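Notes follow the structure.
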Protein chains: 2
Amino acid sequence: MTRQSASASRELEHPARDAIRLESVLHALSDPVRLSVVRRLADGPPEQVCSSFDLPVSKSTCTHHFRVLRESGVINQVYRGTAKMNALRDADLEALFPGLLAAVLAAARAQDGRGAG
Amino acid sequence: MTRQSASASRELEHPARDAIRLESVLHALSDPVRLSVVRRLADGPPEQVCSSFDLPVSKSTCTHHFRVLRESGVINQVYRGTAKMNALRDADLEALFPGLLAAVLAAARAQDGRGAG
DNA sequence: ACCGTAGTACGACGCATGTCAAACTACGAG
DNA sequence: CTCGTAGTTTGACATGCGTCGTACTACGGT
């Protein structure tokens, strides 16, 4: 069936660790939808499928946001069958920007506390 | 000379501490020009005049960026005669988002180090 | 072979953003 | 009072961003 290596044609572009830019990461995290994705990735299992997030946006917008997160270096995406697994690149982020992700996540939680409290 | 309290008419709107939103702060910091402003504010004297920054943009763009920083709660601006003093709201930010500003500043320095070799 | 589910691609739309130049206001110095 | 310096305002412009719907592709199950 001319099926060459099953997933070679479905590999996604990720920036190398050293190509990750702080400005892009901050921009990626500055959108509420994307921040919520990152929070769930941080709080839940390390690998989660796109469709498990049920975001308040359409499928295409969803694809868009996941791409922004991937291209900025915040998450890693791999195909697993028909699904797409998402994982935080926390090791890379921690190596580049120590404490940054943790501080953002803590800040988000703190803000939730104020807002809902 | 009908000069009522000298600066009452020149007071600037700042968000209250509790009104500062994480998303807005991250967005404010995600612009290179604004990040450089924040870095100079953090590295240099606590109060600095707009014109001392000599940013690679026009005066009006400069005004725009300082306003974004102020309205997002990152900096405090007060008039001092004909000049306008800018100060980081580090106490407010630290109270709301502990470690966030420090992490971002450290990340910016680290990135500079990598970029400049 | 077929269908359903997961996600992508494309084109569109409206609104925000970063940018500028030019005209304007506010203050201090002389 | 006049002038220069500091910053604002306004209007314009190009681009980018978040959003959508629709049509499409990719894979797994039956």
Side-chain angles (χ1 to χ4, degrees), chain A residues 1-14 21 23-38 47-72 74-87, chain B residues 1-13 21 23-37 47-72 74-87:
Chain A
M1 297 170 178
T2 68
R3 159 208 324 173
Q4 74 280 38
S5 82
S7 59
S9 58
R10 298 251 284 170
E11 250 148 49
L12 295 157
E13 302 261 324
H14 290 80
R21 304 290 307 171
E23 295 87 343
S24 306
V25 170
L26 294 177
H27 172 248
L29 298 177
S30 74
D31 180 275
V33 173
R34 291 193 293 261
L35 222 207
S36 78
V37 167
V38 170
E47 277 198 325
Q48 294 181 49
V49 187
C50 286
S51 50
S52 74
F53 286 88
D54 90 348
L55 304 168
V57 293
S58 72
K59 273 201 305 179
S60 27
T61 302
C62 195
T63 297
H64 163 71
H65 284 307
F66 277 100
R67 171 159 34 182
V68 172
L69 286 170
R70 170 168 48 85
E71 292 181 343
S72 65
V74 175
I75 67 171
N76 198 290
Q77 296 189 293
V78 298
Y79 283 104
R80 185 105 84 219
T82 177
K84 197 180 196 173
M85 307 304 298
N86 301 279
Chain B
M1 303 195 174
T2 69
R3 155 204 331 168
Q4 74 280 35
S5 84
S7 58
S9 58
R10 299 252 283 168
E11 250 148 49
L12 296 157
E13 301 262 324
R21 303 292 305 171
E23 295 86 343
S24 305
V25 170
L26 294 177
H27 172 247
L29 298 176
S30 73
D31 180 276
V33 173
R34 292 193 293 260
L35 221 208
S36 79
V37 167
E47 277 198 324
Q48 294 180 49
V49 187
C50 285
S51 50
S52 74
F53 286 88
D54 89 353
L55 303 168
V57 292
S58 73
K59 272 201 306 178
S60 27
T61 302
C62 195
T63 296
H64 163 71
H65 284 307
F66 277 100
R67 171 158 38 181
V68 171
L69 285 170
R70 168 168 50 83
E71 291 181 343
S72 66
V74 176
I75 67 171
N76 198 291
Q77 296 189 292
V78 298
Y79 284 104
R80 184 104 84 219
T82 177
K84 197 182 199 170
M85 305 305 296
N86 302 280

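Throughout, protein chains are lettered first and strands after them, A, B, ... in sequence-line order, and every chain is numbered starting at 1. Because the structure is a prediction, the values reported are computed rather than measured.
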Please walk me through it: do B/Ser24 and B/Glu71 pass side chain to side chain contact (heavy atoms under 4.5 Å, CB included)?
CA-CA 9 Å; B/Ser24 305; B/Glu71 291 181 343; over 6 Å; no
Using whole Å, what does the distance between atom C1' of nucleotide D/dA6 and atom CE of B/Met85 come to?
13 Å
Nucleotide D/dG16, atom P - distance to NE2 of B/His27 in whole Å:
14 Å
Please tell me if B/Arg67 has a side-chain N or O lying less than 4.0 Å from either OP1 or OP2 of D/dG7.
no
Looking at A/Gln77, is its backbone amide N or carbonyl O close enough to the side chain of A/Asn86 to form a donor-acceptor pair, meaning the two atoms are under 3.5 Å apart?
no
Rounded to the nearest Å, what distance is computed from the CZ atom of residue A/Phe66 to the C1' atom of nucleotide D/dG18?
15 Å
Out of curiosity, B/Lys59 NZ to B/Cys62 SG, how far, rounded to the nearest 0.5 Å?
10.0 Å
Describe the nucleic acid contact of A/Ser51 in one word from base, sugar-phosphate, nothing, applying a heavy-atom distance below 4.0 Å.
sugar-phosphate
Tell me the interatomic distance from A/Leu69, atom CG, to D/dC17, atom C1', rounded to whole angstroms.
14 Å
Start with the C-alpha distance between A/Phe66 and A/Leu55, add both sets of side-chain angles, then the distance that settles side chain to side chain contact (heavy atoms under 4.5 Å, CB included), and finish with yes or no.
CA-CA 11 Å; A/Phe66 277 100; A/Leu55 304 168; 4.2 Å; yes
Summarise protein proximity over nucleotides 19-24 of chain C in one line of letters, 5' to 3': B for base, S for sugar-phosphate only, - for none, counting protein heavy atoms closer than 4.0 Å.
BBBB--
Measure from CD on A/Glu71 to C1' on D/dG18 and round the result to the nearest Å.
15 Å
Between D/dA6 (C1') and B/Asn86 (CG): distance, integer Å:
12 Å
Given the rule in the side chain to side chain contact (heavy atoms under 4.5 Å, CB included) test, do A/Arg34 and B/Glu23 qualify, once you have shown the distances and angles that lead to the verdict?
CA-CA 10 Å; A/Arg34 291 193 293 261; B/Glu23 295 86 343; over 6 Å; no
Please classify the nucleic acid contact of A/Arg80 as base, sugar-phosphate, or nothing, using heavy-atom distances under 4.0 Å.
nothing
Within this structure, what is the CD-to-P distance between A/Gln48 and C/dA6, rounded to whole angstrom?
16 Å
Over all strands shown, is B/Val49 touching base, sugar-phosphate only, or nothing at heavy-atom distances under 4.0 angstrom?
sugar-phosphate
Which whole-number value in Å describes the distance from B/Leu55 CG to D/dG7 C1'?
14 Å
Give the minimum heavy-atom separation between B/Leu26 and A/Leu29, together with the two atoms involved.
CD1-O, 3.6 Å
Can you find a pair of side-chain heavy atoms, one from B/Asn76 and one from B/Arg70, that are under 4.5 Å apart?
no
Just compare D/dG18, C/dA9, D/dA26 and give me whichever is closest to any side-chain atom of A/Thr82.
D/dA26
